[in-house]
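Residues take their numbers from the sequence shown, with the count starting at 1.
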Amino acid sequence: MNKEAGNFARIVIPTPLKEPLIYKVPDPLWEQIEIGMRVLIPLGKRKVTGVVLELLRETVVPETRAILAPLDDRPILDAALLQLSQWVAQYYLVTLGEVFGTLLPPSLRSETQRTLLLKPGTFSACDALEKRILDRLRQSKGKISVKRLTGEMSGGNLYGAIERLESIGAVEIRERLPGHRTRREKIFLEAGSAPTLEAQPRFILNSEQEQAFRKIDQRLKEGGFETFLLHGVTGSGKTEVYLRAMEQTRRAGRSSLILIPEISLTPQLIDRVNARFPGRVGILHSALSAAERWAQWWHIVRGKVDVVVGARSAVFAPLANLGLIIVDEEHDPSYKQEEGLRYNGRDVAVVRGKLSACPVILGSATPAIESYQNSLDGRYRLLEMTQRVQRRPLPFIETIDLRSRFNRSQQPNGGKVPLQTDSPPVQQSGEHRLISDRLAVFLRKNYQASRQSLIFLNRRGFSNFLQCALCGYVLRCSYCSVTLTLHRKQKNVCCHHCNFRRAATTLCPECGNLTLSGVGVGTEQIEEALHRLVPEARIARMDRDTTSKRGAHGELIRSWEKGEIDILVGTQMITKGHDVTGVTLVGALLADLSLNLPDFRSGERTFQLLSQVAGRSGRGDEPGTVIIQTYAPDHYAIQHLIDHDYKGFFAAEIDFRRALNYPPFSRLVCLRLEGPKFEEVEKKARMLGTTLRDKTTKNARLRETIEILGPAPAPIEKLRNRYRWQLLLKGKQSSSLLALAKQAREVLPRSRSVRLHIDVDPYNML
Ligand code: ADP
Ligand code: ZN
């Protein structure tokens, strides 16, 4: 037993492979080191950054190395966040190092170089240490690195002293991050400055909003954890309810966190939050530069914001005194991280609410099946908003059946069509058409009426793939088992999984003829077709190809908002929560694309996507129309969509889930093996399957509660030159599933040739 006078600290190093290590806290640092603080520690021959997880009186570790220095003047993570990290590590079966690697902005994971600069003027009210720092600065021409100072001035609270000197304007702290050299205030102003804030209206809540708000408000006043599921149709004014709840939270002196699926797609929401909490909003998302993220993080740690808006990883924002968490569009798949730490931001948000004893609001027009079931089970409290604000009608939705040679349109409500005067005839063309005649007529009319139209196709590129007209050969990615998509503007074919590209050609590599041609359509082709169809219209496209440049999203959305675009065509990006009042027509092409994925959530996903995109229509004074072109007009997802009937859809979907014992009736863990050699991956996958089956048959409890499916090749068998096999564990309780998955890790320890990824509550199983 190592029992010296000094204490010890359990320290997390934010890299995936590391479990916490124990270090000694040397005497001079005793007073300064706190739980949740960053420290500089020796590791092998290097010096690395760690975070103090726990302080210990004693340790059984015989030899410990000493902490070199604290890296900041205060903890960057509080007790609740540390607790949350531990929950995440246990539930998602990862190391704490992996969790911290995700949670901390990259620049906080390593040591930043800080320099002190002396500012002109004389300053009184300095204590001895502060005087020493100023003297030292004068000696070295007004400039010294903090690291150097740390070495020279041990003892005393150096960082506290520096901070005081900074606050009285005696010194300036300059931080250097990889590739950046900026003052911290400046970084923050740049990152936080919103475009001009127009005066935002303060609505009188309508009665449904009022009722929802009152229940949340009551919980805020009483205190404690509760999860609300705010189920409000598109345009019902959910955002206004969030804003009121956030204001109440601030009145009580506490902070709020609001998560949104993709921040670049929703500049409007950020504007609205900025307008309500001017100068008190922190923003966290992955598109920020390292310097911006770092500055935002510090601003939040220092308590300078009341509200944080962010994407998935902002669920770990270091807000002190958290009083409310909101997850907007809680059903959105982008809350699920698909690599590294495979967590679901929405689920972690609920756990954080529980640990912080504060309410959580999950909002959606199309709640995830699991969430809605939770509300029926009484785990979440259901709040419903069934009407659009100001009694605006929901859009009128009709389908066009792509199966028949003669497209038929299906019109509910006895064929009542809003643009009644001269409803266009149904298309009478035998050939397969991208845009049906009926949709074409609606598009032209809408353009002539100076209104905006949205065309949704969930596939980018020009053609889906290239095929040889003579020998039938299909061009595939060399690294993934998927076809290459033709991008005509860029004159190349591209893999949408690994981004492999090569020049487009008509030469068939199989038979040598110049007979390769495009099959299937993508957004690029639709854009072209639209130009032919409505030549005068201003047409723009929004997908990953047109928005890869930083800021491109925002610009597109803003000109869409301002009415500078007549027709916007795009992938699922255009379905997200924009509130643009000029949009009165939405067309969804090949609407059942997502129905055909080999995934038990394909019906849910289709219903959600189409409801969201339909919900963009008719948000202003004019009623909206939606035209859905589909090969599956009778599928229940499409049928309930036409009627705006979430509950009907839920009832049908839940029957299907129950029949096949899928979530929410079971929990899943996906074990995926990946490696460069097919035979090896297969062998290990089979071995793992046999071992796990053995373990379950020997254990009565596991045998009855866990089902093992597979191993089998993943639907996408090869990705980025790695072969993929998977096993699916299905069970009633997550505890026994996790126990079994943990054993899989022991059977297949980390190896170079075949890697095991454990995905708890998987979303994407392709
Ligand atoms: P949702 O998020 O439910 O789709 P939003 O919150 O975007 O809906 O609200 C739709 C529109 O209605 C927004 O333009 C919003 O400013 C406006 N709005 C919200 N509440 C009210 C209200 N009580 N009265 C009038 N307009 C409102
Ligand atoms: Zn590829």
**Distance (rounded to the nearest 0.5 Å) between L55 CG and I33 CD1** = 8.0 Å

**Request:** State plainly whether the residues K215 and E226 are in salt-bridge range, i.e. N to O under 4.0 Å.
**Result:** no

**Asked** Can a donor-acceptor pair be found between the side chains of D217 and Q248 at a distance below 3.5 Å?
**Response** yes

**Item:** P70 backbone acceptor or donor facing Q32 side chain under 3.5 Å
**Value:** no

**Request:** Could you tell me whether the side chain of F456 reaches within less than 4.5 Å of the side chain of L610, counting heavy atoms only?
**Result:** yes

**Prompt:** Do R346 and D761 meet the salt-bridge criterion of a basic N to acidic O distance under 4.0 Å?
**Reply:** no

**Prompt:** Charged N to carboxylate O under 4.0 angstrom, R657 versus E604?
**Reply:** yes

**Fill in**
On a heavy-atom basis, the closest approach of M542 and I574 is CB-CG2, 4.0 Å

**Message:** A side-chain contact here means heavy atoms from C-beta on lying under 4.5 Å apart; do L77 and F316 qualify?
**Reply:** no

**Request:** Please answer whether the main-chain N or O of P75 pairs with a side-chain N or O of E34 as donor and acceptor at a distance below 3.5 Å.
**Result:** no

**Message:** Under the criterion side chain to side chain contact (heavy atoms under 4.5 Å, CB included), I'd like the reasoning laid out for L96 against S85: C-alpha separation, chi angles, the key distance, then a yes or no.
**Reply:** CA-CA 7 Å; L96 263 176; S85 315; 4.0 Å; yes

**Prompt:** Do you know which of R619, K238, R616 makes salt bridge (charged side-chain N to carboxylate O under 4.0 Å, His left out) with D579?
**Reply:** R619

**Asked** Who pairs with N321 by side chain to side chain contact (heavy atoms under 4.5 Å, CB included), at least two apart in sequence or on another chain?
**Response** R254

**Fill in**
Taken to the nearest 0.5 Å, the spacing of K221 NZ from R251 CZ works out to 9.0 Å

**Prompt:** Counting only N and O atoms by type, is there a donor-acceptor contact under 3.5 Å from the side chain of S255 to the main-chain atoms of A320?
**Reply:** yes

**Complete:** On a heavy-atom basis, the closest approach of P367 and H231 is CD-CD2, 3.5 Å

**Complete:** Taken to the nearest 0.5 Å, the spacing of D332 CG from T366 OG1 works out to 9.0 Å

**Exercise: identify the closest heavy-atom pair between C358 and I325** = SG-CG1, 4.1 Å

**Asked** Any sub-3.5 Å donor-acceptor pair from S356's side-chain atoms to G353's backbone N or O?
**Response** no

**Prompt:** With distance as the sole test, does R342 use its side chain to make a donor-acceptor pair with the main-chain N or O of K336 at under 3.5 Å?
**Reply:** no

**Asked** Between CG of L382 and CG of L376, what distance do you get to the nearest 0.5 Å?
**Response** 7.5 Å

**Prompt:** Below 4.5 Å, heavy atoms only, C-beta onward: do R352 and L257 meet side chain to side chain?
**Reply:** yes

**Prompt:** Under the 3.5 angstrom rule, does the side chain of Y335 hit a backbone N or O of D347 as a donor-acceptor pair?
**Reply:** no

**Message:** Going by side chain to side chain contact (heavy atoms under 4.5 Å, CB included), name the residues that satisfy it together with I654, two or more places apart in sequence or in a different chain.
**Reply:** I369, Q373, F650, R658, P664, F665

**Asked** CG of L355 to CZ of F225: how many Å apart, nearest 0.5 Å?
**Response** 9.0 Å

**Prompt:** Can you find a heavy atom in the side chain of V273 that is under 4.5 Å from one in the side chain of M246?
**Reply:** yes

**Request:** Consider only side-chain N and O atoms of S236 and E208, and report whether a donor and an acceptor are under 3.5 Å apart.
**Result:** no

**Where A317 and L284 come nearest, the two heavy atoms and their spacing** = CB-CD1, 3.7 Å

**Prompt:** Distance-only, no hydrogens or angles: does the R312 side chain make a donor-acceptor pair with backbone N or O of S334 under 3.5 Å?
**Reply:** yes

**Asked** Quick one: does S617's side chain have a donor or acceptor within less than 3.5 Å of a partner on A614's backbone?
**Response** no

**Fill in**
Smallest heavy-atom separation, Y763 atom then D599 atom, equals O-OD2, 3.6 Å

**Asked** Are R276 and E240 ion-paired here, with the side-chain N under 4.0 Å from a carboxylate O?
**Response** yes

**Shortest non-hydrogen separation from T606 to S594 and the atoms involved** = OG1-OG, 2.9 Å

**Request:** Could you tell me whether D377 and R379 make a salt bridge, using a distance below 4.0 angstrom between a side-chain N and a carboxylate O?
**Result:** yes

**Request:** Examine distances only and state if a side-chain atom of E98 and a backbone atom of A89 form a donor-acceptor pair shorter than 3.5 Å.
**Result:** no

**Message:** If I take atom CE from residue M37 and atom CD1 from residue I11, how far apart are they, to the nearest 0.5 angstrom?
**Reply:** 11.5 Å

**Request:** Indicate yes or no: at least one non-hydrogen side-chain atom of D271 is less than 4.5 angstrom from one of R558.
**Result:** yes

**Prompt:** Is the distance between the ring centroids of Y372 and F649 less than 6.0 Å?
**Reply:** no

**Prompt:** Below 4.5 Å, heavy atoms only, C-beta onward: do L362 and L229 meet side chain to side chain?
**Reply:** yes

